[in-house]
There are 2 protein chains.
Amino acid sequence: MMASDVWKEYESNEISHSVAHHLTAIHELMGDLGYARVSDVARALEITRGSASLTLKALKARGLVLEDHNKFLKLSDDGRLIVDSILAKRAVVRKFLNEVLKLDEHQAEVDACKVEHLLSAQTGGQLLHFVYFLLSDDPTARQFLAEFWSKLDQNEEWQWPVQDVDQLFNLESR
Amino acid sequence: MMASDVWKEYESNEISHSVAHHLTAIHELMGDLGYARVSDVARALEITRGSASLTLKALKARGLVLEDHNKFLKLSDDGRLIVDSILAKRAVVRKFLNEVLKLDEHQAEVDACKVEHLLSAQTGGQLLHFVYFLLSDDPTARQFLAEFWSKLDQNEEWQWPVQDVDQLFNLESR
DNA sequence: AACCGATGTTTTGCTAATAAAACAACTGAT
DNA sequence: ATCAGTTGTTTTATTAGCAAAACATCGGTT
């Protein structure tokens with residue numbers, strides 16, 4: 001069926017990668033510095049002030065960012081809701097990739113960052129349930145993880161579903 | 001630390017969402033029709049021929065797509081490697097979301113589609129290992145999944161890590 | 001031969017997200 | 001008071017990805 005009805009939903013995402021990071025930058029700056037101005041956001045994201053100014057102007061127009069009488073920025077209630085959901089998804093994905101799949105922290109951070117704003121709320125919620133149970137002290141979960149990790153370590157004794165996983169995922173490609 | 005060194009790696013992705021789907025469209029058309037022309041790709045992706053023509057011209061220049069003497073398209077070896085890795089990641093993610101997290105098929109398809117080309121090869125490989133073991137007939141895996149699903153069903157008896165998962169992930173927000 | 005439909009390309013225009021540069025306004029030090 | 005540095009904005013330009021429209025080509029009908 002070519003799944004042609006699905007792939008365009010990508011762009012229909014109301015929160016772009018860029019917007020997600022402008023918003024979370026404001027959130028983190030408020031925590032780190034206690035305030036957030038256009039220049040602070042630009043510095044945090046390593047873009048020019050001009051670019052940040054334009055994007056933030058649009059976010060103010062969308063009601064996600066509020067401006068002080070002195071140009072100090074703040075998240076609106078809507079903006080904070082969005083940031084909370086993004087950070088929750090990012091944290092869950094990072095935890096799963098790092099603590100379950102045992103990917104190194106940088107890789108987990110990068111992939112979580114790429115994916116965070118794209119996951120549906122349903123997926124985020126279910127993944128949270130799953131990771132929480134998986135990393136709980138439930139003996140079944142403990143045993144399952146121990147077995148999985150041990151298979152990961154000595155994977156020569158394990159019959160993988162495909163002959164060459166590395167090639168399948170282009171691990172060698174350049 | 002603001003993680004400002006990470007978030008820009010998003011765009012550094014050599015395979016964009018659009019490119020991923022142009023390539024996989026050619027692959028699927030070759031399977032379905034036995035051939036793939038610019039118009040066929042455009043129809044499959046529901047974009048104009050003009051847009052497809054431009055994108056495919058760039059892909060020919062990058063050596064990922066080859067052109068027949070009669071304007072018939074074909075994936076190069078490099079192009080096929082990329083498509084294989086994308087389809088593998090999409091399949092694994094879809095399987096995980098649908099068969100493990102029990103998300104409905106449409107949601108699983110959409111999220112897998114959004115994410116497929118963004119996952120690193122390492123993440124794809126580890127996830128494949130994980131899902132394969134999780135859905136195997138290993139008794140520990142069986143028991144773990146059974147317990148997880150039963151907790152999913154009667155989640156009022158389970159103490160979730162956060163008070164209100166639905167609100168955290170904006171399940172109510174329009 | 002004339003026409004019609006499908007195909008491929010090019011040109012123009014649009015939006016999002018960026019950089020770069022020019023500009024204005026404020027701040028602080030001397 | 002001036003000068004330097006910081007800040008915010010605007011303008012111009014670029015790139016990716018699309019649409020729309022014009023154009024050319026080819027193939028088959030009549």
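Since we're looking at a predicted model, the values are computed, not measured. Throughout, a chain's letter reflects where its sequence line sits, starting with A, and its residues are numbered from 1.
- Whole-Å rounding puts the Leu54(B) CG to dT11(C) P distance at 10 Å.
- Remark: P of dC26(D) and CG of Asn70(B) are 11 Å apart, rounded to the nearest angstrom.
- At the heavy-atom level, His21(A) lies nowhere under 4.0 Å from the strands shown.
- Listed here is the closest heavy atom pair of Phe148(B) and Gln126(A): CZ-O, 4.5 Å.
- In terms of phosphate contacts, Ser51(A) brings no side-chain nitrogen or oxygen within less than 4.0 Å of OP1 or OP2 of dT18(C).
- Whole-Å rounding puts the Ile47(B) CD1 to dT9(C) P distance at 13 Å.
- Side-chain N/O atoms of Ser16(A) include one lying less than 4.0 angstrom from OP1 or OP2 on dA17(C).
- Regarding His117(A), its NE2 atom lies at a distance of 13 Å from the C1' atom of dA17(C), rounded to whole Å.
- Note on the helix from dA1(C)-dT30(D) to dT30(C)-dA1(D): angle between the axes of the first and last five pairs equals 20°, rounded to 10 degrees.
- At whole-Å resolution of the value, CG in Leu73(B) and C1' in dT9(C) are 13 Å apart.
- Picking from dT9(C), dC18(D), dA20(C) the nucleotide with the shortest atom distance to the side chain of Thr55(B) gives dC18(D).
- Listed in residue order, the members of residues 58-69 of chain A having a heavy atom less than 4.0 Å from DNA chain C come to none.
- Within a 6.0 Å sphere centred on NZ of Lys102(B), heavy atoms belonging to other residues, nucleotides or ligands number more than 12.
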With 3.5 Å as the limit, what N/O pairs link the protein to nucleotides 5-7 of chain C?
residue, atom, partner, partner atom, Å
dT7(C), OP1, Arg37(B), NH2, 3.0
dT7(C), OP2, Arg43(B), NH1, 3.3

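- Scanning for ring-ring contact (aromatic ring centres under 6.0 Å, His included) contacts around His22(B) gives an empty result, with sequence neighbours left out.
- Here dT10(D) presents its C1' atom at 15 Å from CG of Leu56(A), a figure rounded to the nearest Å.
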Kindly indicate, with the supporting measurements, whether the criterion side-chain contact (heavy atoms from CB on, under 4.5 Å) is fulfilled by His27(B) and Arg80(B). CA-CA 8 Å; His27(B) 175 262; Arg80(B) 176 163 300 278; 3.6 Å; yes
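- Residues in residues 55-105 of chain B take part in these ring pair (Phe, Tyr, Trp, His ring centres under 6.0 Å) pairs, two or more places apart or across chains: Phe96(A)-Phe96(B), Phe130(A)-Phe96(B), Tyr35(B)-Phe72(B).
- For Glu105(A), there are no salt bridge (Lys or Arg N to Asp or Glu O under 4.0 Å) partners at least two apart in sequence or on another chain.
- With sequence neighbours excluded, the residues forming a side-chain contact (heavy atoms from CB on, under 4.5 Å) with Ala108(A) are Arg94(A), Leu97(A), Asn98(A), listed by chain and number.
- His21(B) pairs in a side-chain hydrogen bond (donor to acceptor under 3.5 Å, both in side chains) with only one of the listed residues (Glu116(B), His117(B), Glu28(B)), which is Glu116(B).
- Under 4.0 angstrom from either OP1 or OP2 of dT10(D) there lies at least one side-chain N or O belonging to Lys57(A).
- Pairs passing the salt bridge (charged side-chain N to carboxylate O under 4.0 Å, His left out) check and including a residue from residues 123-150 of chain B, sequence neighbours excluded, do not occur.
- At a threshold of 4.0 Å, the pair Asp40(B)-Arg43(B) counts as salt-bridged, since one of the basic side-chain nitrogens sits closer than that to a carboxylate oxygen.
- Residue Ser18(B) has no polar side-chain atom (N or O) positioned under 4.0 Å from OP1 or OP2 of dA16(D).
- Between the CZ atom of Phe72(A) and the P atom of dC26(C) there is a distance of 14 Å, rounded to whole Å.
- Put simply, the side chain of Lys89(B) gets close to the backbone of Leu119(B): a donor and an acceptor are under 3.5 Å apart.
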Donor-acceptor contacts, no H, no angles, side chain residues 47-65 of chain B, under 3.5 Å, sequence neighbours left out:
residue, atom, partner, partner atom, Å
Thr48(B), OG1, Ser51(B), N, 3.2
Thr48(B), OG1, Ser51(B), OG, 3.1
Thr55(B), OG1, Ser51(B), O, 3.2
Lys60(B), NZ, Glu67(B), OE2, 2.7
Arg62(B), NH2, Glu14(B), O, 3.1

